[in-house]
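Predicted model only: the values in this text are computed from it and were never measured. Protein chains get the first letters and strands the later ones, always in sequence-line order, with residue 1 at the start of each.
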Amino acid sequence: MSAAPGALLAVVRGPAGLGLADGERAWAVPAAGPAAAARVLADLERERSPRWVWWSAREVLGPLAGHGGRDDRPPHLARAWDVAAVHRLVAGGGDDGPAAARAVACGLAPSAAPSPGQLDLGGDGGVPDGDGDDPVRPDGHLRPEWVDGSWADTPGRAARWAAAALGTAGLQRERLVATAGEHAVVTAWSESAAAVLAVELEASGVPFDVAAARRAVEAVVGPLPEDEAGAARSRAARDAPLQRLLGPGPTGAPVDLRSPAQVLDALARAGLDLPDTRSWRLERLAEEPGAPAVLRSLVAWRQAERLAVAHGPRWLAEHVAGGRLRAAWSASDGGAGRMTASAGVHSIPRELRDAVRAEPGHLLVRADLGQVEPRVLAVVSGDPALARDAAEDDLYAPVAARLRVARDVAKVAVLAAMYGQTSGAAGATMAAMERSYPRAVAMLVDAARRGAAGEDVRTAGGRLVRVPAVEEVPVEAGPAALERYRARLAGRGRFARNAVVQGSAAELFKAWAATVRARLAADGSGAVVLCLHDELLLHVREEDADAVAAGVVADLGTSAARWCRAVGGPPVRFTADVAVVDRWSRAKG
DNA sequence: TGCGTTTTGTTT
DNA sequence: GATTAAACAAAACGCA
């Protein structure tokens with residue numbers, strides 16, 4: 001659902017309750033195409049600092065993102081109330097369209113929400129689609145004929161659609177405060193800003209040198225093919241040496257290296273009995289003295305195959321254009337509301353980071369948070385000892401001292417506590433963790449208990465995290481089925497335990513990212529081009545790079561302090577490592 | 001043939 | 001004896 005060029009763009013200013021001094025006003029802006037819409041937005045921005053209210057940033061800004069200059073974005077655009085983003089916060093994900101968001105905001109069942117094309121049965125049975133219609137039915141739901149994007153047909157409809165967004169935002173706010181608490185309003189703001197950022201990330205992409213990427217892949221894989229036939233030839237050439245080492249399969253045909261089952265059989269014939277062919281297992285075996293040459297060859301083949309398939313010519317053609325790697329971005333996805341991206345942007349292998357390069361006259365600023373998760377744990381649990389330890393640059397040093405173990409052991413112990421690991425050396429240090437950080441551990445244990453019991457949990461900022469359903473097992477089920485059931489419950493416990501930390505960390509990160517975004521947009525020094533859970537990659541003008549690097553650290557100070565206050569935790573110190581580089585690969589980390 | 005599951009691998 | 005979280009993505013496998 002997006003406004004086509006030449007259609008209308010609905011822009012709304014919100015009421016005081018949404019963070020404004022101004023009264024309610026709904027705007028419907030006629031826009032002859034994205035460029036005109038961008039000018040209108042820029043004009044409106046000059047009026048004093050509104051908080052925009054929209055059904056979703058994607059709908060309103062998507063059509064004009066990328067217009068008006070790559071690095072030229074209205075700074076206050078992200079001061080918004082994004083109904084879809086707030087709905088995901090309130091409802092814990094799922095369908096975030098206007099109909100579902102409206103239903104939940106009204107306390108109605110989202111399943112009863114109308115969908116486009118559906119007969120309108122729930123209302124007054126009035127006139128179906130007149131210009132004078134209200135998008136909202138008397139029962140609170142949206143009218144189905146409004147949900148299909150036709151709000152953009154006339155100025156009158158756009159204005160009413162905008163007003164409905166405003167009304168929904170008000171209801172949402174009440175609901176949010178009632179279910180998650182007053183502090184969740186602050187989260188709603190930063191999540192809305194992240195939604196704007198997601199649209200911008202999608203439009204801008206990551207500066208990417210295709211030729212450098214090809215070279216990096218070729219260094220491992222060999223010359224890249226030009227077409228399908230060439231691809232088949234180079235695959236065969238890659239396979240042949242290893243196939244000769246493995247010998248023929250039972251049918252006499254060469255082993256299909258892409259079939260785990262066939263590779264497993266072939267290894268068994270070579271006298272290697274393995275439970276699976278995971279590369280870490282193969283690597284460990286290959287490193288042993290006297291290991292057969294096949295193993296080393298197989299490990300190398302796997303590495304090349306992976307790179308060729310995941311980041312070969314097809315991937316480059318599909319996702320890189322005009323010197324930018326582009327992906328679809330979600331501002332809050334998954335169990336805990338992290339930002340996610342398609343095209344494998346969050347798992348670009350190290351070899352390829354050399355291809356992420358600043359454009360002429362620009363530099364990259366890479367900033368990553370140090371030890372975010374334990375610091376976030378200190379905030380959300382309010383554990384005084386952990387909060388004190390966070391004062392150090394290296395949080396694990398004082399932890400090691402308290403636990404009376406080596407730093408590495410301490411680090412594993414903290415991570416294991418957050419992930420719910422109970423076996424091995426990490427399990428053994430749990431008792432010491434509990435003694436040293438009773439509040440932190442108690443909070444984690446409580447989240448795990450609630451998750452295992454099927455109760456939903458909330459992040460520090462108030463996001464609802466739904467634990468996955470686990471199918472009940474009848475009492476008379478066999479021991480294997482009962483064991484699987486128990487394992488699922490435990491898995492759900494670990495999920496919930498992790499989600500409260502990971503999800504809260506995502507909220508802190510987004511608050512920081514939004515602050516940095518506003519800084520860059522305000523002075524036109526550049527743009528955020530990549531968000532990687534605890535890492536920001538900025539593309540900035542060369543002459544501004546050092547100032548931006550300093551600014552990013554300052555922004556962390558202010559946004560982290562604000563976040564700690566908002567969620568009612570102690571003022572925990574957060575740190576960031578910042579590097580100014582021309583290529584991503586040159587920033588260590 | 002098509003669709004869902006399993007295996008594998010990369011990142012945080 | 002096991003049981004560290006999340007994500008995206010491709011190809012093989014298994015079943016109807």
Side-chain angles (χ1 to χ4, degrees), chain A residues 93 220 235 255-264 274-283 298-299 301-312 314-315 318-319 327-330 332-353 356 368-374 376-377 411-427 429-430 444 447-448 451-452 457 459 465 467-468 483-484 486-506 509 530-537 584 589:
Chain A
V220 177
R235 258 174 23 154
V255 173
D256 181 352
L257 301 175
R258 289 160 192 84
S259 163
Q262 286 194 37
V263 171
L264 204 58
L274 304 174
D276 57 53
T277 66
R278 291 244 125 103
S279 64
W280 62 265
R281 203 187 296 282
L282 300 175
E283 276 160 30
L298 180 54
V299 167
W301 182 90
R302 274 275 175 84
Q303 196 201 349
E305 172 71 5
R306 160 76 193 175
L307 208 55
V309 169
H311 299 98
R314 201 176 67 188
W315 181 80
E318 216 168 305
H319 303 295
W329 281 82
S330 157
S332 62
D333 203 5
R338 276 181 162 188
M339 294 182 84
T340 59
S342 68
V345 159
H346 282 160
S347 46
I348 296 174
R350 297 209 118 60
E351 297 100 302
L352 268 186
R353 298 191 174 195
V356 175
D368 80 309
L369 299 174
Q371 307 163 336
V372 226
E373 290 188 334
V376 163
L377 175 60
K411 179 178 175 178
V412 171
V414 172
L415 293 175
M418 288 187 297
Y419 292 153
Q421 184 180 349
T422 52
S423 64
T429 52
M430 265 311 278
L444 292 167
V457 293
T459 60
V465 178
V467 299
E483 191 41 52
R484 269 201 306 278
R486 257 173 43 84
R488 293 238 168 99
L489 291 188
R492 196 159 68 168
R494 286 193 301 276
F495 170 84
R497 174 196 285 250
N498 178 250
V500 294
V501 179
Q502 191 190 90
S504 302
F509 176 81
L530 191 63
C531 293
L532 251 180
H533 308 312
D534 66 350
E535 177 176 347
L536 280 172
L537 194 67
W584 196 15

Whole-Å distance separating the [atom1] atom of [X] from the [atom2] atom of [N]:
X	N	atom1	atom2	result
A/K411	C/dT4	NZ	C1'	14 Å
A/H319	C/dC8	NE2	P	13 Å
A/E535	B/dT11	CD	C1'	11 Å
A/L257	B/dT8	CG	C1'	14 Å
A/D256	C/dA12	CG	C1'	8 Å

> Heavy-atom contacts under 4.0 Å between residues 274-282 of chain A and DNA chain B, which residues?
Replying inline: A/D276, A/T277, A/R278, A/S279
> Does a side-chain N-to-carboxylate-O contact under 4.0 Å join A/R338 and A/D333?
Replying inline: no
Is [X] touching bases, backbone alone, or none of the nucleic acid, heavy atoms closer than 4.0 Å?
X	value
A/R488	nothing
A/R306	base
A/A417	nothing
A/A499	nothing

> Donor-acceptor pair, A/H311 side chain versus A/P349 backbone, under 3.5 Å?
Replying inline: no
>> Under the rule for ring pair (Phe, Tyr, Trp, His ring centres under 6.0 Å), what residues qualify as partners of A/W584, not counting sequence neighbours?
In response: none
>> When the P atoms of C/dT3 and B/dT7 are compared, how many Å lie between them, rounded to an integer?
In response: 14 Å
> With under 30° as parallel and over 60° as perpendicular, where do the rings of A/H319 and A/W315 fit, or are they tilted in between?
Replying inline: tilted
> Out of curiosity, A/T340 OG1 to A/H533 NE2, how far, rounded to the nearest 0.5 Å?
Replying inline: 8.0 Å
> Looking at C/dA11, B/dT10, C/dA7, which one has an atom nearest to any side-chain atom of A/V309?
Replying inline: C/dA11
